[in-house]
S.K.: 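For reference, the structure I am asking about is given below.
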Amino acid sequence: MTGHTEDHGIDVDVLVIGAGVVGIYALHRAVTEGFSAMALEAGDGVGGVWYWNRYPAARFDSESYSYGYIHDKDLFDSWKWKEEFATQPEIEQYLNFVVDRYALRDSIQTGERVISAVYDEVASRWTVATESGREVRARWVISATGGLSVPHYPELEGLDDFSGLAYHTGAWPHEPLDFTGKRVAIIGNGPSGAQLLPAIVDTVERVDLYQRTPTWTTPLNNALMDDEKRAWLSENWEDVTRTLSTSPSGFLHPFSGKVASDHTPEQRQEFFESMWQAPGFGKLTMNYHDMTTNREVNREFCEFIAGKVRAIVTDPVTAERLIPTDHLFGAKRPPFVADYYESFNKPTASLISLRETPIVRVDATGIETTDGHREYDIIVYATGFDFGTGALTRMGVKGRNGLDLSTDWEDGPSDFGGFAAHDLPNFFFPGGPHGAGGGNYPRYSQFQVDFIVNTIVYAREHSFDTFEPTAEQEQGWMGMIEELAPRSIFSAEHSHYYGANVQGKARKFLLNPGGRQGLANILTEMTSTEDYSGALSTAHALAGRA
Ligand code: NAP
């Protein structure tokens with residue numbers, strides 16, 4: 001490991017918190033630039049969400065080669081993805097492969113959950129402490145703690161009384177969990193619950209899916225990767241990476257180049273059928289251009305999907321319950337999952353609508369709803385995460401001028417570029433709130449990490465001690481968020497993108513509605529003109545700031 005000893009008083013240039021997709025990349029970049037660097041990771045292994053979310057059938061719904069690292073052609077060519085949309089075990093193996101290939105293993109301390117990060121203004125250093133008592137001092141902190149790393153459990157009476165097995169999809173056990181012949185409840189039908197149901201429906205005695213809000217779930221349309229596809233990707237790596245790095249959502253999907261009115265109603269049905277057959281997020285990115293801006297076009301696509309649900313699900317009551325009535329396609333993050341609707345035709349599966357029969361309580365043997373009591377061996381909470389801010393506000397982050405992040409963000413996060421904030425000098429959080437605009441997350445975060453590492457390299461070369469967005473920069477960015485949030489495609493205010501799934505959490509938009517290009521324009525302007533508008537300074541200058 002570069003620049004640290006095994007005792008408690010470690011001192012490094014760059015401390016990365018979290019060894020998931022983003023943290024591994026940040027550590028690699030920092031080490032490559034010659035900084036002494038290390039990472040602290042709460043899990044006992046690397047992978048972040050791909051370490052914790054190991055429930056059956058957990059997999060990418062972005063294409064594997066688009067989601068994985070794309071900056072290094074040798075690495076890109078070295079991993080032979082088995083499927084267009086890889087499963088969790090392969091993803092975890094891939095991330096371990098990357099860690100070893102870049103010789104990062106010794107620089108990552110696993111099993112170390114950060115509980116405090118305090119800025120010392122005099123020394124311009126962060127002191128970061130973990131639950132186990134480890135302490136690390138660093139000039140620069142990159143908190144790659146992710147937006148989906150704090151599982152959210154529903155506020156249900158008797159949750160702890162259940163005497164069977166209960167797991168959250170985001171904190172899944174390492175030991176194999178045998179569903180054979182078991183009575184199972186899945187609470188939640190977002191992408192996690194929707195992936196789990198078809199994976200277990202044939203082995204359980206029975207599985208009940210507890211649904212609060214129906215989702216516009218469409219098939220993933222996965223396929224095996226073959227050598228021909230791999231060769232094409234390798235030969236076209238430059239174009240592929242350019243597209244992935246510049247397209248609005250970070251996918252290779254070709255645009256349709258059409259609006260709905262270019263087609264007759266019959267042609268639109270054919271086109272929607274081709275969308276139904278399209279891979280993953282293609283239903284959003286390859287659809288009519290006005291599908292996300294024209295409610296009538298979106299409604300027509302929703303009717304098409306509703307028709308599919310009615311055709312697939314044999315019980316008409318269940319089919320109607322599965323069709324959303326309160327949001328259009330894409331307004332909530334849609335799941336892309338094979339065989340979801342088909343699962344409800346199996347004799348082992350039932351849908352329980354919490355709108356009609358809410359949960360009264362959990363007890364020792366099962367779940368009581370307003371229409372009766374059902375017994376279970378296993379309850380799965382597929383109830384999502386404290387999205388965007390959950391990890392950052394739980395780490396005891398204390399910056400300049402008495403800033404305590406957990407209280408400062410009580411009314412919603414305030415930041416610059418979704419990765420830094422005023423009064424948090426040298427503290428970066430790529431992949432944080434207001435960073436990604438939806439789509440393929442690693443492509444947003446890679447861009448942020450590159451800016452962060454390039455900036456600290458620039459600071460080293462030009463004798464700056466600190467990077468801290470000015471209050472004006474933060475206000476400018478937040479003004480954009482507030483102005484454009486209502487226009488975002490993910491506009492359903494009852495979704496986790498507004499913090500609505502966590503009781504008591506501020507209802508504030510947590511994505512970047514300006515999209516990747518808007519952020520890229522701001523950051524590229526800074527680096528190309530070397531004008532950071534006061535964000536870079538010496539410690540001496542900083543001490544005089546309000
Ligand atoms: P989610 O999308 O937030 O869905 C949570 C589900 O739990 C929703 O159906 C929600 O209902 C329900 N729920 C929450 N609290 C509840 C309560 N108190 N009572 C009853 N139901 C409750 O969570 P997720 O499925 O874990 O997905 C989270 C994110 O992870 C996704 O947006 C995606 O970015 C990512 N993900 C990706 C993949 C992939 O394929 N790569 C797979 C899984 C997850 P309401 O809708 O009514 O709130």
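The basis for the numbers below is simple: all heavy atoms, side chains too, and nothing from hydrogens, waters or symmetry mates. Whatever order the structure lists them in is the order used to number ligands and atoms, beginning at 1. Sequential numbering from 1 along the given sequence is applied to the chain's residues.
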S.K.: For Glu320, enumerate each residue passing the salt bridge (charged side-chain N to carboxylate O under 4.0 Å, His left out) test, keeping only those at least two apart in sequence or located in another chain.
M.R.: Arg310
S.K.: Within ligand 1, which atoms have a heavy atom of Gly190 less than 4.0 Å away?
M.R.: 2 (O), 4 (O), 6 (C), 9 (O), 25 (O)
S.K.: Ligand 1 and Pro191, any nitrogen or oxygen pair closer than 3.5 angstrom?
M.R.: yes
S.K.: Without hydrogens or angle criteria, can the side chains of Tyr341 and Lys308 be said to hold a donor-acceptor pair below 3.5 Å?
M.R.: no
S.K.: Between Thr213 and ligand 1, does any nitrogen or oxygen pair lie at a separation below 3.5 Å?
M.R.: yes
S.K.: Taking C-beta and beyond as the side chain, do Lys505 and Leu510 meet within less than 4.5 Å on heavy atoms?
M.R.: yes
S.K.: In the protein, which heavy atom is nearest to atom 39 (C) of ligand 1, and how far is it?
M.R.: Arg59 O, 3.2 Å
S.K.: Can a donor-acceptor pair be found between the side chains of Asp72 and Tyr102 at a distance below 3.5 Å?
M.R.: yes
S.K.: Just which atoms of ligand 1 are under 4.0 Å from any heavy atom in Asn189?
M.R.: 6 (C), 9 (O)
S.K.: In ligand 1, which numbered atoms sit nearer than 4.0 Å to a non-hydrogen atom of Pro154?
M.R.: 17 (C), 18 (N)
S.K.: Mark yes or no for whether Ser234, through its side chain, and Arg230, through its backbone, hold a donor-acceptor pair below 3.5 Å.
M.R.: no
S.K.: Just jot down the ligand 1 atoms closer than 4.0 angstrom to any heavy atom of Gly188, in number order.
M.R.: 6 (C), 7 (O), 9 (O), 12 (C)
S.K.: Under a 4.0 angstrom heavy-atom cut-off, which atoms of ligand 1 come close to Tyr55?
M.R.: 42 (C), 43 (C)
S.K.: Nearest to atom 34 (O) of ligand 1, what protein heavy atom do you find, and at what distance?
M.R.: Arg333 NE, 3.6 Å
S.K.: For Phe385, which part has a heavy atom under 4.0 Å from ligand 1: side chain, backbone, both, or neither?
M.R.: side chain
S.K.: So do Phe255 and Pro248 actually touch side chain to side chain, heavy atoms under 4.5 Å?
M.R.: yes
S.K.: Do any nitrogen or oxygen atoms of His152 lie less than 3.5 angstrom from nitrogen or oxygen atoms of ligand 1?
M.R.: no
S.K.: With atoms numbered from 1 as shown, which atoms in ligand 1 lie under 4.0 angstrom from a non-hydrogen atom of Ser192?
M.R.: 24 (P), 25 (O), 26 (O), 27 (O), 43 (C), 44 (C)
S.K.: For the pair Phe304 and Phe272, name the ring-plane relationship: parallel under 30°, tilted 30 to 60°, perpendicular over 60°.
M.R.: tilted
S.K.: Fit a plane to each ring of Trp81 and Trp79, take the angle between them on a 0 to 90° scale, and name the class: parallel (under 30°), tilted (30 to 60°) or perpendicular (over 60°).
M.R.: perpendicular
S.K.: Can an N or O of Ala382 be found at a distance shorter than 3.5 Å from an N or O of ligand 1?
M.R.: yes
S.K.: How far is atom 23 (O) of ligand 1 from its nearest protein heavy atom, and which residue and atom is that?
M.R.: Gly384 CA, 3.2 Å
S.K.: Kindly assign one of parallel, tilted or perpendicular to the pair Phe179 and Trp172, based on the angle between their ring planes and the thresholds 30° and 60°.
M.R.: parallel
S.K.: If you measure from atom 35 (C) of ligand 1 to every heavy atom of Asp326, Ile186, Leu148, which option wins on shortest distance?
M.R.: Leu148
S.K.: For Asp61, is at least one N or O under 3.5 Å away from an N or O on ligand 1?
M.R.: yes
S.K.: Quick one: sort the Phe336 and Phe329 rings into parallel, tilted or perpendicular, breaks at 30° and 60°.
M.R.: perpendicular
S.K.: How far is atom 3 (O) of ligand 1 from the closest protein heavy atom, and which atom is that?
M.R.: His496 ND1, 3.4 Å
S.K.: At less than 4.0 angstrom from any non-hydrogen atom of Leu354, what atoms of ligand 1 do you find?
M.R.: 20 (C)
S.K.: Does the N or O separation between Lys332 and ligand 1 drop below 3.5 Å for any pair?
M.R.: yes
S.K.: Tell me, do Met480 and Asn512 make a side-chain contact under 4.5 Å, heavy atoms counted?
M.R.: yes
S.K.: For ligand 1, which is the ligand I care about here, please tell me if Gln195 has any N or O atom under 3.5 Å from one of the ligand's N or O atoms.
M.R.: yes
S.K.: If I apply the N/O under 3.5 Å rule, does Arg212 come out as touching ligand 1?
M.R.: yes
S.K.: Could you list the donor-acceptor pairs under 3.5 angstrom formed by side chains in residues 45-52, with sequence neighbours left out?
M.R.:
{"residue": "Trp50", "atom": "NE1", "partner": "Tyr67", "partner atom": "OH", "Å": "3.1"}
{"residue": "Tyr51", "atom": "OH", "partner": "Asp44", "partner atom": "N", "Å": "3.2"}
{"residue": "Tyr51", "atom": "OH", "partner": "His174", "partner atom": "NE2", "Å": "3.2"}

S.K.: Can the ring centroids of Tyr153 and His168 be said to lie less than 6.0 angstrom from one another?
M.R.: yes
